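What follows is one structure encoded as structure tokens, with my remarks underneath.
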Protein chains: 2
Amino acid sequence: MDRFHDLCDRLHQKEYKLTPQRKIILQALLLDEDGHLSAEDLYGIVKQKHPEIGLATVYRTLELLADMDILQKMDFGDGRLRYELTGDEAHHHHHLICTQCGKVYEFEDDLLDSLEQAIQKRKNFKIVDHQLKFFGICHHCQNQETRD
Amino acid sequence: MDRFHDLCDRLHQKEYKLTPQRKIILQALLLDEDGHLSAEDLYGIVKQKHPEIGLATVYRTLELLADMDILQKMDFGDGRLRYELTGDEAHHHHHLICTQCGKVYEFEDDLLDSLEQAIQKRKNFKIVDHQLKFFGICHHCQNQETRD
DNA sequence: ATCTATGCAAATCATTTGCACCGTC
DNA sequence: GACGGTGCAAATGATTTGCATAGAT
């Protein structure tokens with residue numbers, strides 16, 4: 001069974017209705033390549049083939065999917081939330097955000113486990129999630145700087 | 001020379017005028033204990049003794065101070081920006097954000113340097129800054145959970 | 001048939017901006 | 001006195017919400 005039908009099942013199980021809009025949005029999310037779509041981005045994609053769809057529905061669906069842990073809300077500091085499909089559990093990656101062009105890259109890593117342990121003990125703080133973001137200049141923009 | 005006069009000097013050097021509003025806001029920032037004020041927070045504090053001050057001025061001053069690297073803008077995902085005084089350079093700390101009560105704790109650490117090196121090489125990404133946030137339940141709220 | 005989901009428009013809420021006046025340098 | 005800074009109100013832009021209707025179960 002593919003990812004799409006798996007997700008449809010999860011909606012069913014929670015007694016959520018499987019509306020065409022939700023299917024369309026799910027498909028678009030699964031098809032998206034680089035995976036850091038904002039609500040407006042997704043709305044733009046989805047509207048091409050289905051102009052009747054409303055922006056509010058996109059927001060509501062994203063919220064729903066985030067509540068179900070199908071999506072993660074991400075905030076890259078550009079004034080809008082972005083959403084990415086939740087990957088395999090415990091498979092953390094970090095984000096490299098280019099402050100020049102705004103593109104977001106990913107970096108695989110799990111080095112934070114020991115740090116989390118230390119914090120849990122030292123601060124008695126029960127950690128549920130973490131977010132690590134690096135801000136800087138991507139290789140593409142570095143090259144362009146040289147040319148200026 | 002204390003911190004306040006030091007900062008006033010830095011404004012002078014940049015040809016910025018030393019208005020009473022700016023002094024008031026600087027004082028309030030320096031006096032603040034836990035140091036994660038939003039613009040609205042600061043406005044509330046400052047307005048008590050100086051009701052004439054405008055919210056727009058608070059925003060403009062915070063923006064100015066952030067541009068001068070006197071303040072860091074922080075986004076803890078609660079829909080408003082928070083500002084904290086920039087500490088000694090290269091003295092990074094991370095934030096523990098309680099998802100229950102919203103309080104923000106700090107954790108001193110410098111373990112990320114080696115990770116930054118690795119990223120610079122592997123991804124050819126010139127890192128300028130990073131932000132590490134841990135989301136979870138603070139010890140205070142953990143105790144309260146037990147009582148419910 | 002029931003009750004949730006949708007589309008639209010209006011409402012929110014943090015932040016920004018236009019503009020006439022004020023005060024620092 | 002010049003020009004940057006301020007206060008106020010109105011503008012912005014992402015997200016949310018009220019409400020009447022449409023549609024999945």
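The chains referred to below are lettered A, B, ... by the order of the sequence lines, with proteins before strands, and numbering in each begins at 1. Treat the numbers as computed from the prediction; the structure is a model and nothing was measured.
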Are H94(A) and H130(B) near enough that their ring centres are under 6.0 Å apart? no
Between Q21(B) and H50(B), do the side chains contain an N or O donor and an N or O acceptor separated by less than 3.5 Å? no
Please report, rounded to the nearest Å, how far the P atom of dT6(C) is from the CD atom of E63(A). 14 Å
Heavy-atom closest contact (Q100(B) atom, C141(B) atom, distance): CB-SG, 3.6 Å
Give the rounded distance in Å between these two atoms: CZ of R80(B) and P of dT15(C). 7 Å
Looking across every strand, which nucleic acid part, if any, lies under 4.0 Å from E15(B) by heavy atom: base, sugar-phosphate, or nothing? nothing
How do Q21(B) and T19(A) order along DNA chain D: which one's closest nucleotide is nearer the 5' end? Q21(B)
Whether the side chain of R60(B) and the base of dG7(D) hold a donor-acceptor pair under 3.5 Å is what I'd like checked. yes
Nearest-nucleotide 5' precedence on DNA chain C, P51(A) against G79(B): P51(A)
Find the distance L42(B):CG to dT15(C):P and express it as a whole number of Å. 12 Å
Atom pair distance, as rounded to whole Å: NZ in K17(A) and P in dT6(C): 10 Å
Measure from OH on Y59(A) to P on dG18(D) and round the result to the nearest Å. 18 Å
Using whole Å, report how far CD1 of I53(A) lies from C1' of dA22(D). 14 Å
Between dA14(C) atom C1' and R82(B) atom CZ, what is the distance in whole Å? 12 Å
Using a heavy-atom cut-off of 4.0 Å across all strands, would you classify E40(A) as base, sugar-phosphate, or nothing? nothing
D78(A) has an atom CG; how far is it from atom P of dT15(C), in whole Å? 15 Å
Short side-chain to backbone donor-acceptor contact, K123(B) and C138(A), under 3.5 Å: no
